Amino acid sequence: MSGIETVGVAGAGGTMGIGIAIVMARAGFATLAFDRSAAALERAIGQATVFLAKSVERGKLTREAADAIGGRITPVTDVAALKDCDLVIEAVFEDLETKKSLFAAIDGLCSPHAILASNTSTLSITEIAAASRRPERVVGLHFCLPAQLMRLVEVSPGLMTSEETFARAWAFMERCGQIPVKTQDKPGFILNALLVPFNNDAIRAVEAGVAQPAAIDRAVKAGLGYKMGPLELVDLVGLDTQLRLCEAFYPITLDPRASAPPLLRRMVAAGLLGRKSGRGFFDYAGETIYGG
Amino acid sequence: MAAETLHYAVVGQSKSRSFPEDDPFLGGAGPTAEADILIILGGGFGAGPTAIPDDAALYRAVLVELGTECLSYHTGADGGPGNLLGFARYRIGELAPSPLVELVRGPGADDGAVATAEALFGAHGFVVAVCSDQAGRIVDRLVRPKYNSALRFLDEGLATQEAMDLTCRLGLGYPEGPIERVRRSGIEDHYRVSLALFEVYGTPAYTPAAGAVMAARRREHGL
Ligand SMILES: NC(=O)c1ccc[n+]([C@@H]2O[C@H](COP(=O)([O-])OP(=O)(O)OC[C@H]3O[C@@H](n4cnc5c(N)ncnc54)[C@H](O)[C@@H]3O)[C@@H](O)[C@H]2O)c1
């Protein structure tokens with residue numbers, strides 16, 4: 001038993017936060033969707049409504065079920081509203097100070113039994129936990145994008161996390177229909193620790209003239225059976241995001257594969273950010289290929 | 001316009017990693033006298049550099065099968081005649097070959113020969129990726145460091161094998177996790193390929209992970 005009934009998401013106006021809120025509301029939990037930006041929150045709630053309506057259209061949900069899920073999500077812009085939560089998952093900006101001050105604030109509001117979880121991709125759970133007076137009740141819950149569709153969650157105990165907290169968080173993820181995997185509190189956990197250097201290697205292969213981006217992606221897909229090539233994936237995630245991930249990992253790990261390839265820096269500087277800017281390794285306006 | 005039928009002949013060693021004996025592609029080969037394309041099977045350092053036939057210029061393309069070596073091992077640094085290309089069908093360990101053919105162009109490769117080779121493989125249902133003559137070509141260059149990392153993470157206790165493989169399948173959409181794949185395909189084969197790339201690149205990424213080294217050493221004693 002997780003002993004978790006009332007839940008909150010901080011940063012629910014963001015991409016990950018609203019997805020996580022949908023997951024919990026879908027599992028039947030009254031979910032407080034907190035964001036300090038009312039505009040972001042309104043936009044995200046609108047996106048959740050569209051997602052639920054599409055699920056009805058596709059026959060994945062009944063209209064009644066979709067309405068009930070939407071009804072369980074309550075938008076709030078005052079952090080104090082989270083005070084009765086048994087679990088708060090934060091998905092605010094990937095910035096240690098932002099997360100620490102939020103954790104300190106929530107720590108002062110919620111009852112001592114409440115669990116505080118972080119969806120951080122690159123920061124240390126132990127460091128974030130140190131900002132609260134309950135590091136034994138802090139755990140990493142790293143969802144994948146898009147959270148409302150991806151079932152995997154990396155569950156990471158910090159150095160001080162109690163076994164009970166870990167077990168409650170794990171059980172709660174299972175109740176939400178997610179598939180938890182346990183990883184240590186290390187940079188990038190499993191997923192990003194494997195993916196970020198792999199994507200960098202693909203960028204370095206372009207840089208080294210091994211092959212054109214399209215050939216690299218084609219080879220990886222046909223040779224390894226991956227659904228997506230590394231360069232189309234970087235275009236999807238955003239080259240700026242890939243650069244930020246490198247900048248978070250490299251200083252901690254000193255793994256040369258995690259350092260930002262010069263080509264990545266140049267492309268970001270040139271505004272070639274991938275899909276979001278219309279061009280990255282591939283051109284989304286036409287079918288032209290970068291370097292082609 | 002109907003696609004032109006390209007005739008090809010296959011010579012060289014009978015044991016090919018790209019085309020096992022019963023591979024339908026071998027069945028479509030004809031005599032050298034009628035061939036547009038000559039395919040020389042072999043690959044690897046073991047048998048020494050492939051002798052390029054004197055009549056190579058008669059073919060629209062001559063394709064030399066490669067193992068972990070570069071095309072320049074067979075041609076010398078100048079890359080040989082423009083119609084000479086390298087190729088390897090991607091295959092990990094003893095698992096069935098994939099549909100991918102990596103087509104290697106040396107420094108002086110001519111575009112017509114590349115296009116002809118692409119057309120031939122494409123007509124037989126292969127996916128072709130053209131690359132330059134660098135160690136590991138595309139896929140091994142990218143995937144071997146990932147397998148080494150995954151094996152090292154396992155040694156360091158980041159997560160269990162099941163957790164790592166599941167994460168890759170569910171989170172990244174891989175058909176198989178890195179550790180299950182490297183083990184199923186033969187971890188000592190990973191050692192062999194990784195070491196070959198390490199000899200060229202010398203970076204920690206290609207240093208075979210401990211698990212691979214131990215498996216390879218045990219294999220030397222028949223274990
Ligand atoms: N985007 C991804 O692919 C992905 C995947 C897994 C994990 N993550 C992690 O999830 C977190 C959020 O990422 P995102 O991409 O959804 O970010 P985002 O920029 O889309 O959203 C962040 C939201 O947090 C809000 N916010 C910022 N500071 C706040 C505060 N002090 N209090 C309340 N709200 C605040 C912002 O208004 C914004 O709506 C990060 O830690 C990121 O590393 C992201």
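Not measured: the values here are computed from a predicted model. Order of the sequence lines fixes the chain letters, A, B, ..., with proteins taken first and strands second; residue numbering starts at 1 for each chain.
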Examine whether an atom of P204(B) lies under 4.5 Å from a heavy atom of chain A, and if so say whether it belongs to the side chain, the backbone or both; otherwise answer neither. neither
Heavy-atom pair of closest approach, residues A211(A) and V130(B): CB-O, 3.4 Å
Test item: F189(A) and T167(B) side chains (from C-beta on) under 4.5 Å apart, heavy atoms: no
Interface check, chain B: of D255(A), D201(A), L233(A), L145(A), most non-hydrogen pairs under 4.5 Å belong to D201(A)
Would the distance check show the side chain of E102(B) and the main-chain N or O of A219(A) forming a donor-acceptor pair, the cut-off being under 3.5 Å? no
Honestly, the part of I179(A) sitting under 4.5 Å from a heavy atom of chain B is side chain
Option in K146(B), Q134(B), R89(B) with maximal non-hydrogen atom pairs under 4.5 Å from chain A: K146(B)
Which region of L195(A), side chain (C-beta onward) or backbone (N, CA, C, O), has a non-hydrogen atom less than 4.5 Å from a non-hydrogen atom of chain B, or is it both or neither? side chain
Residues of residues 189-203 of chain B within contact distance of chain A, non-hydrogen under 4.5 Å: none
Can you tell which of A208(A), P230(A), P197(A) has the highest number of heavy-atom pairs within less than 4.5 Å of chain B? A208(A)
Rounded to the nearest 0.5 angstrom, the OH-CE distance for Y174(B) and M228(A) is 11.5 Å
To the nearest 0.5 angstrom, please state how far the OG1 atom of T183(A) sits from the CE atom of M164(B). 9.5 Å
Locate the shortest heavy-atom distance separating L100(B) from A222(A); write the atom from each residue and the value. CB-CB, 3.9 Å
Just distance, no hydrogens or angles: give the donor-acceptor pairs under 3.5 Å from side chains in residues 115-129 of chain B, sequence neighbours left out.
from    : atom 1 : to      : atom 2 : distance (Å)
T116(B) : OG1    : G112(B) : O      : 2.8
H124(B) : ND1    : L120(B) : O      : 3.0
H124(B) : NE2    : Y8(B)   : OH     : 3.3

Under 4.5 Å heavy-atom distance to chain A, tell me which part of E162(B) shows up: side chain, backbone, both or neither. neither
Close contacts, residues 136-145 of chain B versus chain A, judged by heavy atoms under 4.5 Å: R137(B), I138(B), V139(B), R141(B), L142(B), V143(B), P145(B)
Report, by ascending residue number, the residues of residues 207-216 of chain B in heavy-atom contact with chain A at a distance under 4.5 Å; give 'none' if the set is empty. none
What are the two closest non-hydrogen atoms of S132(B) and G209(A), and how far apart are they? OG-O, 2.9 Å
Quick one: are P175(B) and Y226(A) in side-chain contact, heavy atoms under 4.5 Å? yes
If one checks every heavy atom of K182(A) against chain B at 4.5 Å, the contacting part turns out to be backbone
Tell me, do K186(A) and E156(B) make a side-chain contact under 4.5 Å, heavy atoms counted? yes
Stepwise, does the side-chain contact (heavy atoms from CB on, under 4.5 Å) test hold for E176(B) with L224(A)? CA-CA 9 Å; E176(B) 211 174 9; L224(A) 300 172; over 6 Å; no
Go through the atoms of R257(A) and report whether side chain, backbone, both or neither lie under 4.5 Å from a heavy atom of chain B. side chain
With rounding to the nearest 0.5 Å, note down the distance linking CG in L194(A) to OG in S149(B). 6.5 Å
Could you check if a side-chain atom of C131(B) sits within less than 4.5 angstrom of a side-chain atom of Q212(A), using non-hydrogen atoms only? no
Which atom names give the shortest non-hydrogen contact between A159(B) and I190(A), and what distance separates them? CB-CD1, 3.5 Å
Given side chains that start at C-beta, do those of M150(A) and L170(B) come closer than 4.5 Å, heavy atoms only? no
If you compare all heavy atoms of Y90(B) against all heavy atoms of G223(A), which two are closest, and at what distance to 0.1 Å? CD2-O, 3.6 Å
